[in-house]
Amino acid sequence: MDFSFSDEQQLLRENTAEFLEKNLQPFVRSIDDNGEIPENFFKKAGENGIISPLINGKYGGPGLSFMDSVIISEEIAKVDTSMATSVYYLLNTSWAYILQKYGKEELKGRLLPDIANGNRFIGIASTEPSGGSDVANITTTGEIKDGKVIINGEKMYISGAVEARKNGGGHLTLVKTDKSRGHKGITMVYVPADTEGVEITKLQNMGRMGISTSGIKYDNVEVPEENIIGKINEGFYYSMDGFNHARIMVAAACNGLSVKMLDEGVKYIKERSAFGKKLGDFEAIAFEAADLNTEIEMASLLNYKSAYMADMNDPDFYIFSSMSKLTSPQIAMDTVKKVMMWFGAYGYTRDSGIERSARGIFSYLVGAEGALNIMKMIISRAMLK
Ligand SMILES: Cc1cc2nc3c(=O)[nH]c(=O)nc-3n(C[C@H](O)[C@H](O)[C@H](O)COP(=O)(O)OP(=O)(O)OC[C@H]3O[C@@H](n4cnc5c(N)ncnc54)[C@H](O)[C@@H]3O)c2cc1C
């Protein structure tokens, strides 16, 4: 068992951190205030191979590993702690991976190079107004006829629809192609956001302002049959594969955020005084710091194991990525909360940046990439089967 990163991975971390310091850090406040990540950032990130790192050389990507992708995700979240850039990255990474793994050659050749170079967004449209956890019971239909898929229905809480419409991207969309077969009647189809009949309504979120969340209505939307990912009626399995891998990126972002928040907190309690002592000299606060440090280390190690298992194609990796998704958002929330309390009133101001993290991290607690109870369901089912 080797717990060290390779020299290349350490260099990747350093180079990524340096790139983000220069190209993302100056914009973090405006990303949250204005609700937009500068387009230029994605182009530059694409040039540096860090916007969709799993895309391989054949399609213009760097062909990095899941472990490498985790390193990048951690670094992004340390800079844009609102989680907006992390979410854009996680979607482009995980769902480009699914397109690359199961998509048809023509579609991959058409989409992947632009995703790799930061010019096109790709996301997932699974959740519907009636719920997100029970994927098997989606009701959006896809009728396959005359070389086309005709889509009718509605998706809800979908990340990146506005961005996709702007930059020629779209979503891997789950549709029912056989109503009688439950989860075995679901097909995954790539739907460009600018297709006729696609209506996007932006929702107002409490956080991660730099990436949109929307409802999407489909009114007789037609896409060519070539846009079907893999086999008809196998879409449920492809989506689970995608979610399992996306969960590693979610956990990595949460862990990166936790590291950054704790760093800032420790700096603060070493400087701020009360009752003639530094805050860090009070055991009540120092012990909290010790607990958080230990928890963040545990969460990071668990997630490195998940990424390692994904890289090894270990069939049990989904159990570990679910454990990571269960653990890291809760630890990140706890870290943000405790650090905010160390900061006192300053922590509640927009200037401190902590409230930005608190608003962002909630999205991972409530649901994005799977609710926490669903993670417990996956883990317990694997234990008890
Ligand atoms: C900011 C944000 C962005 C998102 N982006 C996307 C996206 O890009 N694409 C996409 O498809 N979806 C997206 N989602 C939706 C996300 O996938 C869902 O929130 C998630 O799957 C949960 O679905 P739900 O919100 O409908 O909650 P529900 O499924 O209605 O569940 C509500 C609550 O009940 C609990 N629950 C449900 N079933 C059980 C059970 N059997 N046992 C115990 N508890 C249970 C859940 O844990 C949850 O706490 C996003 C969500 C958020 C918050």
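Just so you know, these numbers come straight off a predicted model, no measurement behind them. In listed order, ligands and their atoms are each counted from 1.
Counted by atom type alone, D134 and N137 present one or more donor-acceptor pairs between their side chains at under 3.5 Å. A donor and an acceptor atom, one from each side chain of D241 and Y102, are located under 3.5 Å apart. A donor-acceptor contact under 3.5 angstrom links the side chains of N233 and T177, judged on distance only. Defined by atom type and a distance below 3.5 Å, a donor-acceptor pair is present between the side-chain atoms of R208 and T213. Between the side chains of T349 and D351, no donor-acceptor pair is found at a separation under 3.5 Å. No hydrogens or angles considered: a donor-acceptor pair under 3.5 Å links the side chains of D80 and T85. D68 and Q9 are linked by a side-chain donor-acceptor pair at a separation below 3.5 angstrom, with hydrogens and angles left out of the test. Residues N220 and N152 have side chains that bring a donor and an acceptor to within less than 3.5 angstrom of each other. Counting only N and O atoms by type, the side chains of H245 and Y318 include no donor and acceptor under 3.5 Å apart.
Counting heavy atoms closer than 4.0 Å to ligand 1, residue H171 contributes nothing at all. Contact annotation for R208 and ligand 1: only side-chain heavy atoms (C-beta onward) come within less than 4.0 Å of the ligand.
An N or O contact shorter than 3.5 Å links Y157 to ligand 1 by distance. At a 3.5 angstrom cut-off on N or O pairs, T127 counts as close to ligand 1. Considering backbone and side-chain atoms together, I124 places an N or O closer than 3.5 Å to an N or O of ligand 1. Polar contact with ligand 1: absent for G131 (N/O pair, distance under 3.5 Å). Ligand 1 has a nitrogen or oxygen under 3.5 angstrom from a nitrogen or oxygen of S159. Between S126 and ligand 1, an N or O atom pair is found at a separation short of 3.5 Å.
Using a 4.0 angstrom heavy-atom cutoff, E128 does not count as in contact with ligand 1.
With respect to atom 19 (O) of ligand 1, the closest heavy atom belonging to the protein is G367 CA, 3.7 Å. Ranking the protein heavy atoms by distance from atom 28 (P) of ligand 1 puts S133 OG, 3.6 Å first. When only non-hydrogen protein atoms are considered, atom 38 (N) of ligand 1 lies nearest to I374 CD1, 3.8 Å. The nearest heavy-atom contact from the protein to atom 43 (C) of ligand 1 is N373 ND2, 3.5 Å. Looking only at heavy atoms of the protein, atom 42 (N) of ligand 1 is closest to M377 CE, 4.0 Å.
Residue V366 has at least one heavy-atom neighbour below 4.0 Å for each of these atoms of ligand 1: 53 (C). Residue G132 approaches ligand 1 through these ligand atoms, each under 4.0 Å from one of its heavy atoms: 21 (O), 23 (O), 24 (P), 26 (O), 29 (O). Remark: ligand 1 atoms within the under-4.0 Å shell around heavy atoms of A371 are 46 (C), 47 (O), 48 (C).
Taking the ring centre of F19 as origin, the terminal cationic atom of K44 falls outside the region bounded by 6.0 Å and 45° from the ring axis.
Taken from NZ in K155 to CD in E128, the straight-line distance is 4.0 Å, to the nearest 0.5 Å.
For atom 36 (N) of ligand 1, no protein non-hydrogen atom is found at a distance below 4.0 Å. For atom 7 (C) of ligand 1, a protein non-hydrogen atom is found at a distance below 4.0 Å. Within 4.0 Å of atom 32 (C) of ligand 1, not a single protein heavy atom is present.
With N303 as the partner, the side-chain hydrogen bond (donor to acceptor under 3.5 Å, both in side chains) test is satisfied by one option alone out of S73, S328, S324: S324.
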